[in-house]
Amino acid sequence: MIRSNQAGQAKNRPPRREEGENGNLQRFPKVNEVVIVAANTAWPAYQKHGVYICQANRSFRNVDWIGFYAGGKIQAPIAKIVDRQEDFEFSADHMRKETELNKKLNRWLKENTWAKGKKLQVFNLSTLECEQTKHLSKPIANDLKNDSGRTYAFTQGQRYVLLDALQNATTTSDL
């Protein structure tokens, strides 16, 4: 995944460091890891616009995939992260630029006028129809319970899981 700034220039940020087979630290993204985000409002925005937007500079691991936890389920589409801009300014000047991302964001902004003039983090994602988007066989129901038997959310922020585990799970306790 390439990270870029507002002008579309790549940022030279090294991926996180992992221990390699020989014990040396190596840099590479976790290509099989998915970030699952709490998404009761973000899920409809993704479905409609193909974006995920959150507070600027929120910390995320270097992953290629994003999934949405909404309505007590991990939703079936797992979107490919096409681009991520950590400090995107929703200024009038910037939003006038003719780019595919800005077309998506301008549609999103019409429904989210509170974001005008703010800096936010923007994920440009593969759309529902895009061949890059993976689709689980069905949404994964949350069945996690605390000691008193009450259900609790799979995530209230973000949580990381392996793509293979998602593809084989029927409930969140399988993850």
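Just so you know, residue 1 is the first one in the sequence shown, and it goes up from there.
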Partner residues of Lys116 under the side-chain contact (heavy atoms from CB on, under 4.5 Å) criterion, sequence neighbours left out: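 Scan of Lys116 (side-chain contact (heavy atoms from CB on, under 4.5 Å), adjacent residues dropped) gives Leu109, Thr113.
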Nearest atoms (heavy-atom pairs only) where [X] meets [Y]:
X      : Y      : answer
Ser126 : Val82  : N-CG2, 3.8 Å
Tyr160 : Glu33  : CB-OE2, 3.7 Å
Gln156 : Ala38  : C-CB, 3.7 Å
Lys138 : Ala76  : C-CB, 4.0 Å
Arg159 : Leu144 : NH1-CD1, 3.9 Å
Gln75  : Ala70  : NE2-O, 2.7 Å

Residues, nucleotides or ligands: over 12 heavy atoms within 6.0 Å of Lys80 NZ: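 Yes - once you tally the heavy atoms of other residues, nucleotides and ligands closer than 6.0 Å, there are more than 12.
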Please verify the inter-ring angle class for [X] with [Y]; under 30° counts as parallel, over 60° as perpendicular, anything in between as tilted.
X      : Y     : result
Phe154 : Tyr69 : tilted
Phe68  : Tyr46 : parallel
Phe123 : Phe60 : perpendicular

Pair Asn142-Thr151, side chain to side chain contact (heavy atoms under 4.5 Å, CB included): steps then yes or no: CA-CA 8 Å; Asn142 180 35; Thr151 301; 3.7 Å; yes
If you round to the nearest 0.5 Å, how far is [atom2] of [Y] from [atom1] of [X]?
X      : Y      : atom1 : atom2 : value
Asn102 : Lys97  : CG    : NZ    : 8.0 Å
Leu166 : Leu136 : CG    : CG    : 5.5 Å
Gln85  : Leu120 : CD    : CG    : 12.0 Å
Trp65  : Leu162 : CH2   : CG    : 13.5 Å
Asp143 : Asp174 : CG    : CG    : 7.0 Å
Asp64  : Lys134 : CG    : NZ    : 10.5 Å

For the pair [X] (side chain) and [Y] (backbone), establish whether a donor and an acceptor sit closer than 3.5 Å, ignoring hydrogens and angles.
X      : Y      : result
Asn146 : Gly149 : yes
His49  : Lys103 : no
Thr133 : Ala79  : no
Asn124 : Leu101 : no

Audit row: Phe88, Lys119, side chain to side chain contact (heavy atoms under 4.5 Å, CB included) steps and yes/no: CA-CA 5 Å; Phe88 186 94; Lys119 286 186 178 183; over 6 Å; no
Heavy-atom distance under 4.5 Å between the side chains of [X] and [Y], does that happen here?
X      : Y      : result
Lys104 : Thr127 : yes
Leu125 : Asp83  : no
Val37  : Thr155 : no

Ring-face cation of Lys48 near Trp108 (centre distance under 6.0 Å, axis angle within 45°):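 The answer is no, since Lys48 fails at least one limit relative to Trp108.
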Option among Ile36, Val34, Ile81 that satisfies the side-chain contact (heavy atoms from CB on, under 4.5 Å) test with Ile66: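 That would be Ile81.
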Worked verdict on Asn32 versus Asp164 for side chain to side chain donor-acceptor pair (under 3.5 Å): CA-CA 7 Å; Asn32 196 31; Asp164 295 341; 3.2 Å; yes
Partner of Gln121 under side-chain hydrogen bond (donor to acceptor under 3.5 Å, both in side chains), chosen from Arg84, Arg58, Gln55: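 Going through Arg84, Arg58, Gln55 one by one, the side-chain hydrogen bond (donor to acceptor under 3.5 Å, both in side chains) with Gln121 is satisfied by Arg84 alone.
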